[in-house]
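Numbers restart at 1 for each chain; the letters A, B, ... are given by sequence-line order, proteins then strands.
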Protein chains: 2
Amino acid sequence: MRIGLLDRILEISSLLQLDMKHAFTGTSLTESRVHVLWVLHHSGPSTQQALAEALKVTPRTISALVDGLAASGYVQRRTHPSDRRAVLVTLMEDAERMMSKMAADHARLTTDLESVIDEADRPAFIRGVDAVAHRLRQLVHEEEVRYDTVGGSDLSLDEDSTA
Amino acid sequence: MRIGLLDRILEISSLLQLDMKHAFTGTSLTESRVHVLWVLHHSGPSTQQALAEALKVTPRTISALVDGLAASGYVQRRTHPSDRRAVLVTLMEDAERMMSKMAADHARLTTDLESVIDEADRPAFIRGVDAVAHRLRQLVHEEEVRYDTVGGSDLSLDEDSTA
DNA sequence: TATTGTTATACTCTATAACTATA
DNA sequence: TATAGTTATAGAGTATAACAATA
């Protein structure tokens with residue numbers, strides 16, 4: 001067995017990450033901050049709770065990310081119309097324009113990547129990707145259940161402080 | 001247009017990352033540290049320079065990662081036989097055993113993921129994955145060249161301090 | 001002079017815990 | 001009592017710059 005499917009996918013993941021990283025070096029943007037902007041662009045003004053769920057991080061982390069984005073003028077915290085505890089993180093106009101450009105780049109890259117796959121292979125390819133994604137969702141979900149009940153893995157040398 | 005290829009791949013990436021994260025919560029291991037161990041397991045004792053190249057981070061970052069791994073007993077710094085400036089980061093015996101288990105898990109997951117793809121689709125699927133990986137390598141390489149010469153992107157609101 | 005790794009410093013992401021204001 | 005967000009604190013990853021020891 002040479003290079004397996006998993007290694008190929010991992011390489012693609014790391015290449016995509018590199019691609020993102022390159023796109024933002026020299027700016028105040030980072031992957032996490034862009035992730036916030038991406039959610040705002042697609043969902044509209046959102047509470048920090050909603051952002052925390054979308055990014056799967058704690059609310060505290062969102063506070064820090066929003067601080068950074070606000071300092072650079074990408075977003076603004078606005079008062080929530082009906083809940084005075086909450087805040088609506090809102091994209092500024094320039095940032096909205098920038099995100100539209102980014103979405104266009106995203107669509108362009110999608111087309112680009114699809115175009116390098118032989119047309120005859122595409123349906124099978126998409127089926128395969130969906131099957132893999134579905135299986136991974138299943139596996140991650142199983143782990144989350146196990147994790148919430150017992151937790152931990154046997155892959156480490158660390159002392160097991162469960163005792 | 002519904003969900004495009006790129007979004008599907010990005011979802012798979014994030015699921016794989018989650019999967020890794022779950023596997024190591026509760027231990028002193030992290031994705032970066034495991035990456036170091038993985039390289040050591042596959043390449044044998046390595047200088048920190050070599051590790052820096054493999055992980056595409058600065059040597060300084062490797063110092064910190066190796067410090068953490070050494071403190072937990074995963075690796076040891078040994079003297080390089082022919083270059084007294086260099087150090088050979090070496091897997092400890094227990095860690096070596098652990099990495100063999102991890103490699104087995106990795107192989108198992110590869111098989112698992114392959115098995116959910118319809119057998120008739122597999123050849124086309126692999127061709128597609130390879131084509132996409134190849135195209136991404138090309139794109140990242142182009143960016144690296146452009147980045148080394150001019151640098152920066154037009155995707156940000158930050159002041160351009162090139163002036 | 002160039003290379004290997006370190007110390008010093010700093011920024012970002014992330015988490016938990018305690019707290020404030022509001023529901 | 002529960003929820004939204006913050007302050008306080010801490011650990012990890014990362015980077016640049018200056019420096020030591022060795023090639």
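- Ring pair B/H106/B/W38 is tilted by interplanar angle, where 30° to 60° counts as tilted.
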Note to self: Does the protein touch nucleotides 13-23 of chain C at the base, only the backbone, or not at all? Give it as B, S and - per nucleotide, heavy atoms under 4.0 Å.
What the structure shows: SBBB----BBS

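- The 12-atom threshold is exceeded at CD of B/E96, counting heavy atoms of other residues, nucleotides or ligands nearer than 6.0 Å.
- A/T47 has no side-chain polar atom (N or O) that falls below the 4.0 Å cut-off from OP1 or OP2 of D/dA4.
- Rounded to a whole Å, the CE atom of B/M20 is 12 Å from the P atom of D/dG13.
- Distance B/H35 NE2 to D/dT14 P: 10 Å, rounded to the nearest Å.
- Counting to the nearest Å, the P atom of C/dT6 and the NE2 atom of B/H80 are 14 Å from each other.
- Annotation for A/H80: atom NE2 counts as buried by contact number, over 12 foreign heavy atoms lying within 6.0 Å.
- Taking 4.0 angstrom as the limit, B/Q49 places a side-chain polar atom (N or O) nearer than this to OP1 or OP2 of C/dT4.
- Judged purely by atom type and a 3.5 angstrom limit, B/R8 has no side-chain atom pairing as donor or acceptor with the backbone of A/D130.
- For B/H42, the NE2 atom sits in a packed shell: over 12 heavy atoms of surrounding residues, nucleotides or ligands are nearer than 6.0 Å.
- Nucleotide D/dA12 holds its P atom 11 Å from the CG atom of B/D67, rounded to whole Å.
- Regarding B/R77, its CZ atom lies at a distance of 15 Å from the C1' atom of D/dA21, rounded to whole Å.
- Heavy atoms from other residues, nucleotides or ligands lying under 6.0 Å from NE2 of B/H141 number 12 at most.
- One finds a side-chain N or O of A/S63 lying less than 4.0 angstrom from the OP1 or OP2 phosphate oxygen of D/dT6.
- One interatomic measurement links the two molecules: CZ of A/F24 to C1' of D/dA15, which rounds to 19 Å at whole-angstrom precision.
- The number of heavy-atom neighbours closer than 6.0 Å to CD of A/Q138, taken from other residues, nucleotides and ligands shown, is above 12.
- For the OP1/OP2 pair of C/dT3 and a distance below 4.0 Å, the side-chain nitrogens and oxygens of B/Q48 include no atom meeting the criterion.
- For B/E53 and D/dT14, the CD to P distance is 16 Å, given to the nearest whole Å.
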